[in-house]
Structures are given as structure tokens and as C-alpha cells.
Amino acid sequence: MDTTKTVRKVAIVGYNRIPFARANTAYAEVGNQQMMTAALNGLIDKYNLKGELLGEVAGGAVIKHSYDMNLIRECVMKTSLDPATPACDLQQACDTGIESAVYIANKIALGQIESGIAGGVDSISDMPIAVSEKLRKTLLKARQAKSLGEKIKTFLKLRPKDFSPLVPRNEESQTGLSMGGHTEITAKYYKISREDQDNLALKSHLNMAKAYEEGFFDDMITPFNGLDTDNNLRKDSSIEKLAKLKPAFDKVNGTLTAGNSTPLTDGASCILLASEEWAKERGLPILAYITFAEIAAIEYVKNQQNLLLAPLFAASRMLEKAGLNLQDFDYYEIHEAFAAQVLATLKIWESPELSAELGLKKPLGAIDREKLNVKGSSLAAAHPFAATGGRIIDVMAKLLNQKGSGRGFVSICAAGGQGVTMIIEK
């Protein structure tokens, strides 16, 4: 059945986030629910949504406690939205925020809902701690014991080592390598220099510092827990300071440092999406439109340099469907998980040989780097996993709205060898 005539335009109507904070700093005593609720409440206040019944709210967290199993719905219930507003949790590592936007956008495009919020949150500070498998099974067995004697007998089988806590580890279960460990391999494989990585990191900080000074973020961020700006931002960063940092992953021959890699971070973000009719009825701005999106995955266990390169495939497929070239954009927002990952992506786009080696149909070509991450990106703002997608979409929507027209390209890589790309237009 031909459904093309029923697909509606999806408008980005609003945005909000709380400042991002390095783990164990400003948000050390709060968790996912408090941060996500704060981001939602800021959005509700800005766009007069109190008492509004929305079609759905979607989002998630990469790291969360078992009691956060219905996280987004619990957050919605703590806001002033109509409590009949449904909500759901999604999770796709660092793609969580942008995938939530795709989920809501698709429902609006198909006429299933008129409006919705997409978002994401992550707290590294409030990381869940699990018990050992033997202790877990012993506790379950003790619950079934019919007498105190049986319980004691069950517990006596435990040994001191069984009481050691298990903390989530930032590594790929398929390889045992951290994301930084994989990206070190990427940097070596594609010959990405330390100097180029540090230069990209510096530009991110300087661009974001300038954006703050110009007031670009004034209407995008709700202060929270005593913080009103991203506390990872280094306004006084310099090449000399970055050059002094020691390698963070490969201590001997590495080029990735704490300066050209994103730190573990806490934060939350959200965006308001709607049909044109819904927005106009409420006198809300149409900042831009989401027009295309694509998800991709890549093999990274045998080819460990591939972990964060899936957006290359997403971009190629998306541009082909959209009938566009990579150069047909006014702005590019590429998530800076690591400077080396961004530089490898740009290098592959520019090289017929590297593109062919990776299995891409053709090289997409070079972009104007002065259009890349013009307000700074993850290296400056930092990276609360599920919240990054919302932050990047927010920035792109505002850039296009300020310009009054144009087209923006968004790319986000993720753990598990996955990635999402999106086209936003005004």
C-alpha cells in the first residue's frame, strides 16, 4: 500500500537540557530520575505545556538501577504534564537520545500522535552496584528457606570473596576493550596523529566558550543543582596544556588523552516534536524539521578499529535515499566521543581507498570543516551517554532556525558498533 501521501512533516518545536557535569562533581548526589525530571520541567515551563496531554514521551538511560525500569514514565508523573501522557524507555547506548527522537518522529509522521518529547539521561555518579552471582543466588535460596536454621546453613556456604561488589565496566563485552581502547586501535589503523586530535579538541572548547559568551545557550539550558554551565568546558584550554596530558588508554604508545576524549558524565536533555498543526494551534515555534534518519551497525570484534565507524554506513544509505551529497549541508554536527573517531570518519569520507576497504559504495568526499561543530560538541560539553543525542539535535535546530533556512547533518556513534545519522532542515 502506498503510504507516502499520509506521511506528515515532523517539526522540532522546543528543546531543553540541564548543564552536563563530570561524574562525581555537581550531580554526585542525584540520579537519573531527578536529572531527567529537571530537564522535562524546564521544557514544560518554556513552552507552556503544564497540564498538556502529549502523544508520548520516549527516552532512556544507558546505565540505570533496576528501580528505574520504567524510568521515563516515572519522570513524566513527576512533572506537570497531564498524567495520562504515556511514556516508554528506549536504550541504544550513545544513540539512545537520537533514536528516541526517531521513534517519536515516526509516530508523528504516520499520524499516530500529534506531539511528543524525546530525551535521554545518564548518571555515572549514581552507578548501580551489583552483588556477585554466588551471593545473588544464595540470597534467593535463603528467601525460600522454611526455617532460620536452613537460612543460616545457606549463608554459611558463602566466602569473603563472594561479598565483593560488581561495578558496571565501561567495556565491550564482545572484546573486553573499553571504547577508548578500541579508538586507540582506530587512531593507529588510520594514522590519526596526536597533534590533530588535540587541535580538534581545542577547537571544540573554543567554539563552545564563544557560544556561551554570545548567549547561544541561554534559552537551551535549565540550571540544576547549583550548575548553570557545562563544567567540563575549559575556556582557557590551549594546545600547550593539551600536549602535556599523558595517554589515557595505551600508556606507552597511545595518542588518546583525557583532553581529546570525552570524560564520564552526568546529564539529561530533551526535545519537543510535533506536527505543524499542533504547533501552530499553540503558537509554538517551528524551529526546523526532521526529514531523514538512518541506523547502521558494523562488525567490530574481528576488526576492532571499526567500533565507532557505523555512522559511515548510515550516512551513505541516508544520503542516497535523500538524493543528497555530503556537501549539501550548511552545518555538520558529529558527536565527538573521541577526536580520533571524528578525524577517522572525515579521513575515510575523503579517501576512495579507505572507503572501498571498509565496504562503502563510494567516498562521500570532504566537508567544509568550518561548518563542523560550530558551537563546540562533546569534547567540550562532555557526554552523558543517552543525553548527547538531544543536545546535538537542540544545537542543530537552533542553528537552522537562526539562519532562517538550510540543512543540517547529524551523526552519532555508539557502543556495540552502532550509529545513527539524521537530516534536519528549515
Side-chain angles (χ1 to χ4, degrees), residues 23 32 60-66 89-100 120-125 127-130 132-133 164-190 192 197 247-258 260-266 294-315 334-345 348 357-359 378-379 382-389 411-421:
N32 286 332
V62 176
I63 298 174
K64 61 182 182 180
H65 293 273
S66 58
D89 282 21
L90 301 176
Q91 200 265 66
Q92 195 179 69
C94 308
D95 290 339
T96 299
I98 192 169
E99 272 290 89
S100 299
V121 59
D122 260 298
S123 172
I124 304 300
S125 300
M127 187 177 290
I129 296 177
S132 69
E133 186 65 9
S164 297
L166 301 178
V167 178
R169 301 196 315 195
N170 184 26
E171 64 182 34
E172 295 292 329
S173 62
Q174 298 290 323
T175 65
L177 293 172
S178 68
M179 193 176 291
H182 273 278
T183 309
E184 275 286 9
I185 297 171
T186 304
K188 291 181 176 67
Y189 189 90
Y190 288 105
I192 307 299
Q197 293 175 56
F249 301 99
D250 179 347
K251 307 291 186 181
V252 179
N253 300 308
T255 57
L256 273 69
T257 70
N260 57 41
S261 309
T262 52
L264 296 174
T265 318
D266 306 331
E294 188 80 20
I295 179 72
I298 192 170
E299 194 287 319
Y300 66 93
V301 179
K302 294 180 180 178
N303 300 288
Q304 296 183 344
Q305 73 277 6
N306 284 352
L307 181 70
L308 300 183
L309 300 183
L312 290 161
F313 291 89
I334 301 178
H335 164 44
E336 299 167 343
F338 303 89
Q341 176 268 328
V342 177
L343 292 168
T345 296
I348 294 166
E357 178 187 315
L358 200 58
S378 304
L379 286 169
H383 174 39
F385 304 128
T388 288
S411 172
I412 299 179
C413 59
Q418 300 193 96
V420 178
T421 55

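This structure is a prediction, so every number in the text was calculated from the model and none was measured.
Ion pairing between a basic and an acidic side chain is recognised when a charged N comes within 4.0 Å of a carboxylate O; Asp122 and Lys64 show no such pairing.
Between the CD1 atom of Ile334 and the SG atom of Cys413 there is a distance of 10.0 Å, given to the nearest 0.5 Å. For the atom pair OG1 of Thr186 and CG of Leu343, the computed distance is 11.5 Å after rounding to the nearest 0.5 Å. Going from atom CG of Leu307 over to atom CD1 of Ile185 covers 9.5 Å, rounded to the nearest 0.5 Å. Rounding to the nearest 0.5 Å places NE2 of His65 at 7.0 Å from OG of Ser123.
Every side chain to side chain contact (heavy atoms under 4.5 Å, CB included) that Asn303 has, sequence neighbours left out, goes to Glu299, Gln305, Asn306. Partners of Thr175 under the side chain to side chain donor-acceptor pair (under 3.5 Å) rule, at least two apart in sequence or in another chain, are His182. Contacts of Glu184 classified as salt bridge (charged side-chain N to carboxylate O under 4.0 Å, His left out), with partners at least two apart in sequence or in another chain: Lys188.
In terms of heavy atoms, Leu308 sits closest to Ala337 at CD1-CB, 4.3 Å. Scanning both residues, Gly389 and Ile412, for their nearest heavy atoms gives CA-CD1, 3.6 Å. Of all the heavy atoms in Leu256 and Ser261, the pair that sits closest is CB-OG, 3.9 Å. Between Thr255 and Asn260, the closest heavy-atom pair is O-ND2, 3.2 Å. Contact record, Gly419 with Ala310: N-CB, 3.6 Å, taken as the closest heavy-atom pair. The two atoms that bring Ala339 and Leu379 nearest to each other are CB-CD1, 3.9 Å, heavy atoms only.
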Check your understanding: For Ile63 and Met127, what are the C-alpha separation, side-chain angles and deciding distance, and is it a side chain to side chain contact (heavy atoms under 4.5 Å, CB included)?
Key -> CA-CA 7 Å; Ile63 298 174; Met127 187 177 290; 4.2 Å; yes

Practice item. I would like to know whether Thr388 and Cys94 meet side chain to side chain contact (heavy atoms under 4.5 Å, CB included); could you show each step before the answer? Key: CA-CA 7 Å; Thr388 288; Cys94 308; over 6 Å; no

Exercise for review: With side chain to side chain contact (heavy atoms under 4.5 Å, CB included) as the test, would you mind laying out the steps for Glu172 and Val301 before giving the verdict?
Suggested key: CA-CA 9 Å; Glu172 295 292 329; Val301 179; over 6 Å; no

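Between the side chains of Ser125 and Asp266, a donor-acceptor pair is found at a separation under 3.5 Å. Side-chain contact of Gln174 with Tyr300: a donor-acceptor pair under 3.5 Å is absent, judged by distance alone.
In this structure the side chain of Thr265 never reaches within 4.5 angstrom of the side chain of Ile124, judged on heavy atoms. In this structure, the side chains of Tyr190 and Leu309 come closer than 4.5 Å at one or more pairs of heavy atoms. Residues Phe338 and Met179 form a side-chain contact, since some pair of their non-hydrogen atoms from C-beta on lies under 4.5 Å apart. Annotation: side chain of Phe385 is not in contact with side chain of Asp95 (no heavy-atom distance under 4.5 Å). When side chains are defined from C-beta on, Thr257 does not count as touching Phe249, because their heavy atoms never get closer than 4.5 Å. For the pair Gln197 and Val342, the minimum side-chain heavy-atom distance is 4.5 Å or more. You'll find the side chain of Ile348 reaches within 4.5 Å of the side chain of Leu358, heavy atoms only. Side-chain contact check for Thr345 versus Pro311: every heavy-atom pair is 4.5 Å or farther apart.
Aromatic ring orientation, His383 versus His335: tilted (interplanar angle from 30° to 60°).
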